[in-house]
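Both counts, for ligands and for their atoms, begin at 1 and track the order of listing. Values below: every heavy atom of this structure, side chains too, minus hydrogens, waters and symmetry copies.
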Amino acid sequence: MAEPVTVERAVYLMGTRTTLVVEAADRARALERLEALLQTLEQTEAELSTWRDDSVLSELNRRPVGEPLTLSPFLCRLWPRLVETYEQTDGAFDPTIGAWVEAWGVRTGGREPTAAERRMTPARTGLHLVRFDERRCIATRETAVSLDAGAFGKGAALGRLPDAAPGEAWLVDLGGQVAASGPSSRGPWTVALARPDRRSAPALELPLRDGSLATSGASERSWEVDGRWITHILDPRTGTPVVRAGTVTVWHADPLAADMLSTALYVMGADAGLMYATEQDLAAVFLLPAPDGGPVRIRATPAFSRRFEITRVP
Ligand code: AMP
Ligand code: MG
């Protein structure tokens with residue numbers, strides 16, 4: 001039998017460098033599948049991205065308070081999942097973080113919120129402030145909350161890929177989140193997790209056969225403004241940036257779950273996060289820099305240690 005053919009492509013998508021690798025019986029088929037994967041990612045970005053004015057979520061953000069909006073079928077299926085994780089994580093994951101994202105200037109290099117923003121924003125945060133009619137697929141903002149797809153858009157997009165390339169082996173890396181379908185003909189894919197203190201250096205290598213690894217951390221997107229550190233992940237319960245030195249990675253069969261949960265666990269922090277993840281039997285690992293610049297500390301849940309043989313990169 002002929003050797004399978006591998007094709008690779010790197011594109012700029014979802015605000016990040018994305019790489020796709022597809023293995024198939026022949027080149028034409030591999031290219032066709034790669035194209036299908038790419039189209040699915042682009043389509044999801046068009047629906048969800050709050051960086052684009054024409055997405056459904058941006059439309060919901062613009063809709064006057066109290067005016068219902070019919071969601072796309074995809075977003076309609078997604079919505080209950082967002083609510084479920086919001087509730088289960090006690091609001092550590094909250095897709096209505098948009099008003100705080102704005103107040104801290106997360107998309108514009110960081111700033112201090114104004115006094116008015118500090119006062120008003122708590123009342124504009126909380127997924128329960130959007131009424132959702134599942135049967136009719138209608139969402140209504142009860143107050144001026146602002147949805148932000150930052151912590152679930154990549155996962156939602158990756159979760160749609162198996163339908164786009166059924167039966168083929170592939171790996172898609174969205175930068176911060178990787179998903180795979182089946183091992184390659186040479187075995188599992190190798191995924192490196194970066195050092196929390198130096199993003200360009202790998203700390204661990206993991207063999208990935210399927211499912212998804214999502215990483216949340218502050219190191220790549222933090223700014224010092226007037227002597228205070230601001231980062232892109234915020235604690236919705238306090239409205240403050242969660243500046244921590246470590247990262248957390250979650251493996252889940254469902255990329256959407258991996259994405260939402262890695263953000264939630266990062267907000268909880270290593271101690272509370274590990275306790276939560278262990279109770280829920282989630283596969284999660286915290287990488288914590290050693291104070292003296294030595295080897296990274298690895299704190300994994302039992303489910304993570306069962307799933308992965310962890311290889312440290314020397
Ligand atoms: P991630 O990199 O998946 O952890 O997602 C972080 C992104 O999600 C940020 O850049 C914000 O756009 C948004 N975000 C920040 N904090 C939260 C939070 N606590 N819950 C949900 N989304 C958040
Ligand atoms: Mg996330």
Side-chain angles (χ1 to χ4, degrees), residues 14-16 18 45 48-52 55 57-58 61 78-79 81-110 113 121-122 124-130 145-159 173-179 193-194 196 199 212-223 230-244 246-252 254-269 272-273 276-277 282 284 286-287:
M14 307 200 106
T16 181
T18 299
E45 182 179 33
L48 296 185
S49 174
T50 34
W51 293 82
R52 302 169 54 133
S55 73
L57 275 189
S58 294
N61 285 341
L78 189 65
W79 200 274
R81 304 283 314 281
L82 303 180
V83 173
E84 185 188 25
T85 304
Y86 167 68
E87 288 175 352
Q88 272 181 4
T89 62
D90 206 10
F93 166 81
D94 187 346
T96 66
I97 197 71
W100 282 121
V101 165
E102 165 76 32
W104 287 98
V106 165
R107 293 182 172 190
T108 49
T121 308
R124 295 181 56 201
T125 309
L127 193 53
H128 60 280
L129 298 170
V130 186
V145 296
S146 169
L147 286 128
D148 180 312
F152 68 87
K154 288 180 182 178
L158 291 171
D173 184 344
L174 281 179
Q177 185 165 6
V178 183
L193 302 189
R199 296 270 313 149
S212 181
L213 287 161
T215 299
S216 290
S219 56
E220 83 272 42
R221 284 175 66 198
S222 301
W223 316 270
I230 295 174
T231 188
H232 71 118
I233 303 184
L234 307 161
D235 187 335
R237 288 111 22 128
T238 58
T240 50
V242 187
V243 181
R244 299 183 192 288
T247 60
V248 56
T249 299
V250 175
W251 178 88
H252 202 287
D254 174 9
L256 173 62
D259 195 3
M260 297 188 291
L261 289 166
S262 70
T263 309
L265 294 181
Y266 177 84
V267 170
M268 292 178 199
Y276 176 87
L282 297 170
F286 281 82
L287 300 186

### Query
Between the Mg ion (ligand 2) and T263, is there an N, O or S atom separated by less than 2.8 Å?
yes
### Summary
Which of V250, D259, L287, T247 passes side-chain contact (heavy atoms from CB on, under 4.5 Å) with T215? It is T247
#### Entry: D94/R237 salt bridge by N-O under 4.0 Å criterion
no
### Query
At a 4.0 angstrom heavy-atom cut-off, what protein residues surround ligand 1?
A92, F93, D94, I97, D148, G150, A151, S216, R221, H232, I233, L234, P236, D259, T263, V267
### Message
Side chains of T50 and R107: any donor to acceptor distance under 3.5 Å?
### Response
yes
#### Entry: Between CG on residue D148 and OG1 on residue T96, distance to nearest 0.5 Å
9.5 Å
### Summary
Closest non-hydrogen atoms of T263 and S216, given as atom of the first, atom of the second and distance, are N-OG, 3.3 Å
### Message
Students often mix this up, so state it plainly: with edges at 30° and 60°, are the rings of F93 and F152 parallel, tilted or perpendicular?
### Response
perpendicular
